[in-house]
Amino acid sequence: MTRRLLLSIFQTLLDHYGPQHWWPADSAFEVMIGAVLTQNTAWLNVERALTRLRERAVLEPSVLAALPLDILAEAIRPTGYFNVKARRLQALSQWVCAQGGMAALKDWQTADLRHGLLGVHGVGPETADDIVLYAFGRPVFVIDAYTRRLFGRLGLSVDGEPYETLRARYEQALPRDACLYNEYHALIVVHAKTTCRTKPACTCCILRKQCPAAVTTEGMED
DNA sequence: ACCCAGGGTCATA
DNA sequence: TATGACCATGGG
């Protein structure tokens with residue numbers, strides 16, 4: 001696993017798509033809410049739900065923590081899984097309040113933040129890392145389905161590797177830089193949304209140069 | 001009509 | 001530990 005290769009891939013994506021300035025939100029707490037709402041859900045629908053929450057003036061830990069579940073579920077209806085996510089948002093909001101609010105959480109160590117978030121119902125590894133990186137600006141490398149697919153195609157991982165294995169490997173290979181991880185994950189997502197989903201894409205996209213497998217699979221694509 | 005989207009939990013073997 | 005069912009709306 002070469003740092004050079006990972007940085008070269010990053011540079012190619014950055015040159016092509018430009019800085020993404022993630023996460024799109026007005027506050028750290030809104031990042032947390034968005035992270036839960038976007039679970040297996042298109043971001044457009046998350047924006048609709050966030051707008052509805054804003055209209056109802058409930059985008060605050062103490063308010064959300066006490067909001068009746070049916071009201072909350074109705075507000076986030078556009079994201080799908082609204083009953084499930086209503087409970088998750090409430091659990092997360094109650095946890096934030098119990099820890100003394102967002103300001104108190106900003107003093108926590110990165111590992112404690114991660115561990116604490118993972119203890120909240122409905123917050124798994126990816127959602128926790130989205131929050132740690134994009135709400136608190138800590139250097140954790142987020143692994144999502146796009147990351148798995150891209151790095152898999154580039155020959156940097158194999159199918160079925162556990163989340164922690166991948167995260168540890170990429171964090172070890174790259175400098176521990178929150179700004180780098182921020183842009184890298186955002187660029188992977190943007191790239192995935194604007195490129196082919198079904199083909200071994202590195203043979204037909206801007207990352208062709210960096211893809212060792214492109215040599216062996218060359219000619220198989222149209 | 002189909003597939004999938006910036007996942008996670010829970011029950012089962 | 002490893003699958004599978006389930007959650008559910010909206011866009012292409």
side-chain hydrogen bond (donor to acceptor under 3.5 Å, both in side chains) for A/T194 and A/Y17? Distances and angles first, verdict last. CA-CA 10 Å; A/T194 56; A/Y17 298 105; 3.2 Å; yes
Mind running side-chain contact (heavy atoms from CB on, under 4.5 Å) on A/R48 and A/I76 for me, showing each step along the way? CA-CA 8 Å; A/R48 292 190 173 112; A/I76 63 172; over 6 Å; no
Residue [X], side-chain atoms from C-beta onward, closest of [options]:
X: A/Q39; options: C/dG11, B/dG7, C/dC7; answer: B/dG7
X: A/A42; options: B/dA5, C/dC7, C/dG10; answer: B/dA5
X: A/Y81; options: C/dA8, B/dG6, C/dT9; answer: C/dA8
X: A/T127; options: C/dG10, B/dG7, B/dG6; answer: B/dG7
X: A/R88; options: C/dG10, B/dG7, B/dG6; answer: B/dG7

Side-chain donor or acceptor of A/R176 paired with backbone N/O of A/E171 under 3.5 Å: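 Confirmed, A/R176 side chain pairs with A/E171 backbone.
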Is it true that a side-chain atom of A/R52 and a backbone atom of A/A75 form a donor plus acceptor pair closer than 3.5 Å? yes
Ring stacking, A/Y134 with base of B/dG6, under 5.5 Å and under 30°?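 Not stacked: fails the 5.5 Å / 30° test.
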Need to verify one output field. Residue with the more 5' nearest nucleotide on DNA chain B, A/L118 or A/T79?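 Residue closer to the 5' terminus by nearest nucleotide: A/T79.
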Spacing between [X] atom [atom1] and [N] atom [atom2], to the nearest angstrom:
X: A/L89; N: B/dG7; atom1: CG; atom2: P; answer: 15 Å
X: A/N83; N: B/dC10; atom1: CG; atom2: C1'; answer: 16 Å
X: A/N45; N: C/dG12; atom1: CG; atom2: P; answer: 10 Å
X: A/D144; N: B/dC4; atom1: CG; atom2: P; answer: 16 Å
X: A/W43; N: C/dG10; atom1: CH2; atom2: P; answer: 17 Å
X: A/L44; N: B/dC4; atom1: CG; atom2: C1'; answer: 14 Å
X: A/E183; N: B/dG6; atom1: CD; atom2: P; answer: 17 Å
X: A/M32; N: B/dG8; atom1: CE; atom2: P; answer: 14 Å

Would you say [N] has OP1 or OP2 under 4.0 Å from some side-chain N or O of [X]?
X: A/T38; N: B/dG7; value: no
X: A/R149; N: B/dG6; value: no
X: A/N40; N: C/dC7; value: no

Using a 4.0 Å heavy-atom cut-off across all strands, classify [X] as base, sugar-phosphate, or nothing.
X: A/H121; result: sugar-phosphate
X: A/V142; result: nothing
X: A/K85; result: nothing

Spacing of the [atom1] atoms in [M] and [N] (rounded, Å):
N: B/dG6; M: C/dC6; atom1: P; result: 24 Å
N: B/dG8; M: C/dG10; atom1: P; result: 23 Å
N: B/dC3; M: C/dA5; atom1: P; result: 15 Å

side-chain contact (heavy atoms from CB on, under 4.5 Å) between A/L7 and A/T2: does it pass, once the steps are laid out? CA-CA 9 Å; A/L7 289 176; A/T2 70; over 6 Å; no
Can you give me the closest heavy-atom contact between A/G80 and A/K85, atom names plus distance? O-CD, 3.7 Å
Both distances below 3.5 Å, Watson-Crick or wobble geometry, any strand: find the nucleotide opposite B/dA1. none
